[in-house]
Amino acid sequence: MPEKKVLAARKRSRKHHPWVFSNEVIETEGQPETGDAVLVYDRGRFAGSGLYNANSLIQVRLYSALNQELDEVLLRKRLREAAELRATELPGETDFRLAFGESDRLPGLVVDRYGRHYVVQNYSAGMDQRREMVAGALVAEFDAECVYEKDDFRLREPEGLVRREGVLYGRPPERVIISENGVRFQVDIRSGQKTGWYFDQRNTRRRVRETVKGRRFLDVFCYTGGLAINAALGGAERVVAVDGSAAACAIASENAALNGVEELCEFSTADAFAFLKDLPRFDGEFDVICLDPPAFIKSRKEKRAGLRAFRTINALAMKALPRNGILVSCSCSHYLFWQDMVDMLTAAAQDAGRNFTIIERTTQGPDHPVLLGMPESEYLRCFFLRVV
Ligand code: SAH
């Protein structure tokens, strides 16, 4: 059982939020060290057990409303519960995000499952220190063949964590083949972006597949072809896709062949901004254009510059669409909220001199659950707009 204590006075509206910020902490007892499990008392009332980090603005991340240690027993229980949720929400799927941090009461822990291969990311010091335990739990609970740690990302720095990457268990294969809504994709665990695959877009990919029949589809920021290949399988007449990464485009072409749609798809390496500026001169028109850029806004202070980048690419795509054309506009920036996006799209439509209706919105799939009362857990927002 944790014995060290953190006494806090939290903002009242954040009573159910799993983070205690450093400016809410009044006092600590027992000299907790970074990574320790602690008991949190909020204005004298027991609030739960959490992971402590002396170096972070997020001083405690709560993982339980009870007084309990985050040991292997609890870790395995949480992972089992996470797997049960996915089995219910994504019946028949074998590849998905198994753990999505705070939403699965595993603060700062991300686990992506590619069949029996697992990729782990640690955003908190407490989980970072328990990473061997996590690997052991994945082997014991799910008979993992390999566990690979992909902790080479910028967001580790505010937590005081070094960047690192490597094998925790077994040996990752060169490529893994996964399936999503019946479509197959190759994933390069070691060299791919993030954990290798963007599971969060499964809903958007399905909607695109249902929307494009007989239409010409352009996928900008295509990565390894998630949206483009779904469009081809959904009966698109022609599919053109671009990404800045040549490695991603190479896998995208292989993925098209894996699904028997290589004749329909054309992948090329290009800077998206330059490509979109050139769109008026591009040979042929597109009825559906999809924009799925990386997070342009990574912190609050990047919001203005990021919004400008979003507005630029959206206006360029909007201008190129024919009557009844569709724009699928996505954002994975935490700080771009739904209304910010509506405002940005409105401004872009004015720049383009076009009018649109919103036909649909999609967000992260059920393997990335949004925790009510934790706005930070929702980050993926996509609009399907139709030219009027
Ligand atoms: N739609 C994809 C995910 C896109 S992730 C899917 O369904 O899987 C964002 C992509 O943008 C990455 O592949 C990255 O290589 C690419 N990217 C980032 N900056 C870019 C730029 N300036 N031009 C073109 N592509 C870029």
Side-chain angles (χ1 to χ4, degrees), residues 95-97 112 114 119 153-154 176 178-181 183-189 191-209 211-212 217-234 236 239-256 258-259 261 265 267-279 282 288-298 302 305-306 308-314 316-317 327-334 336 362-365 367-368 379-384:
D95 311 296
F96 42 74
R97 177 150 293 187
D112 277 352
Y114 302 114
V119 181
F153 54 88
R154 199 175 78 168
V176 194
I178 62 156
S179 109
E180 183 188 287
N181 296 323
V183 189
R184 305 203 316 143
F185 297 98
Q186 301 223 34
V187 176
D188 183 336
I189 290 177
S191 315
Q193 297 179 20
K194 302 284 169 81
T195 71
W197 177 247
Y198 293 96
F199 278 123
D200 52 4
Q201 277 290 33
R202 73 172 69 236
N203 289 344
T204 314
R205 294 188 187 118
R206 201 189 49 228
R207 284 305 288 143
V208 160
R209 191 169 165 177
T211 305
V212 293
F217 182 77
L218 172 64
D219 183 1
V220 185
F221 306 97
C222 66
Y223 189 48
T224 53
L227 289 152
I229 290 161
N230 271 285
L233 290 168
V239 176
V240 172
V242 297
D243 197 276
S245 156
C249 288
I251 299 181
S253 298
E254 288 178 37
N255 283 339
L258 191 61
N259 292 282
V261 291
C265 302
F267 292 98
S268 49
T269 309
D271 174 67
F273 288 83
F275 181 88
L276 286 166
K277 280 190 192 125
D278 251 4
L279 210 45
F282 198 81
V288 184
I289 300 180
C290 181
L291 302 175
D292 188 15
F296 285 151
I297 306 170
K298 295 204 182 74
E302 291 175 10
R308 223 173 303 126
F310 273 113
R311 182 168 164 178
T312 302
I313 59 169
N314 278 281
L316 290 167
L327 175 69
V328 184
S329 181
C330 311
S331 159
C332 58
S333 297
H334 279 90
L336 195 69
T362 54
T363 179
Q364 59 214 62
D367 50 348
H368 295 62
Y379 67 95
L380 186 64
R381 300 171 177 93
C382 311
F383 283 80
F384 286 56

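Just so you know, ligand 1 is whichever comes first in the structure, and atom 1 is the first atom listed for that ligand. For the single chain, residues carry numbers from 1 onward in sequence order. Everything numeric in this text was worked out from a predicted model, so none of it was measured.
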For residues 327-334, please give each side-chain donor-acceptor pair under 3.5 Å, one per line with the distance, not counting sequence neighbours.
residue : atom : partner : partner atom : Å
Ser329  : OG   : Asn314  : OD1          : 2.7
Ser331  : OG   : Ser333  : N            : 3.1
Ser333  : OG   : Phe296  : N            : 3.3
Ser333  : OG   : Ile297  : N            : 3.3
His334  : NE2  : Glu376  : O            : 3.2

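- Between Phe199 and Tyr114, the ring center distance clears the sub-6.0 Å criterion.
- Listed by first and then second residue, the side-chain hydrogen bond (donor to acceptor under 3.5 Å, both in side chains) pairs that reach into residues 220-230 come to none, sequence neighbours excluded.
- A salt bridge is absent between Lys194 and Asp112; no separation between the charged side-chain nitrogens and carboxylate oxygens falls under 4.0 Å.
- In this model, a donor atom of one side chain and an acceptor atom of the other lie less than 3.5 Å apart for Asp200 and Tyr379.
- For residues 217-233, the set of pairs meeting the salt bridge (Lys or Arg N to Asp or Glu O under 4.0 Å) definition, not counting sequence neighbours, is empty.
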May I have a table of the N/O to N/O pairs between ligand 1 and the protein that fall below 3.5 Å, each row giving the two atom names and the distance to 0.1 Å?
residue  : atom   : partner : partner atom : Å
ligand 1 : 1 (N)  : Phe221  : O            : 3.3
ligand 1 : 1 (N)  : Asp292  : OD2          : 2.7
ligand 1 : 7 (O)  : Arg205  : NE           : 3.3
ligand 1 : 7 (O)  : Arg205  : NH2          : 2.9
ligand 1 : 8 (O)  : Arg205  : NH2          : 3.0
ligand 1 : 13 (O) : Gln193  : NE2          : 3.4
ligand 1 : 13 (O) : Asp243  : OD1          : 3.3
ligand 1 : 13 (O) : Asp243  : OD2          : 2.7
ligand 1 : 15 (O) : Gln193  : NE2          : 2.9
ligand 1 : 15 (O) : Asp243  : OD1          : 2.7
ligand 1 : 22 (N) : Asp271  : OD1          : 2.9
ligand 1 : 23 (N) : Ala272  : N            : 2.8
ligand 1 : 25 (N) : Gly244  : N            : 2.8

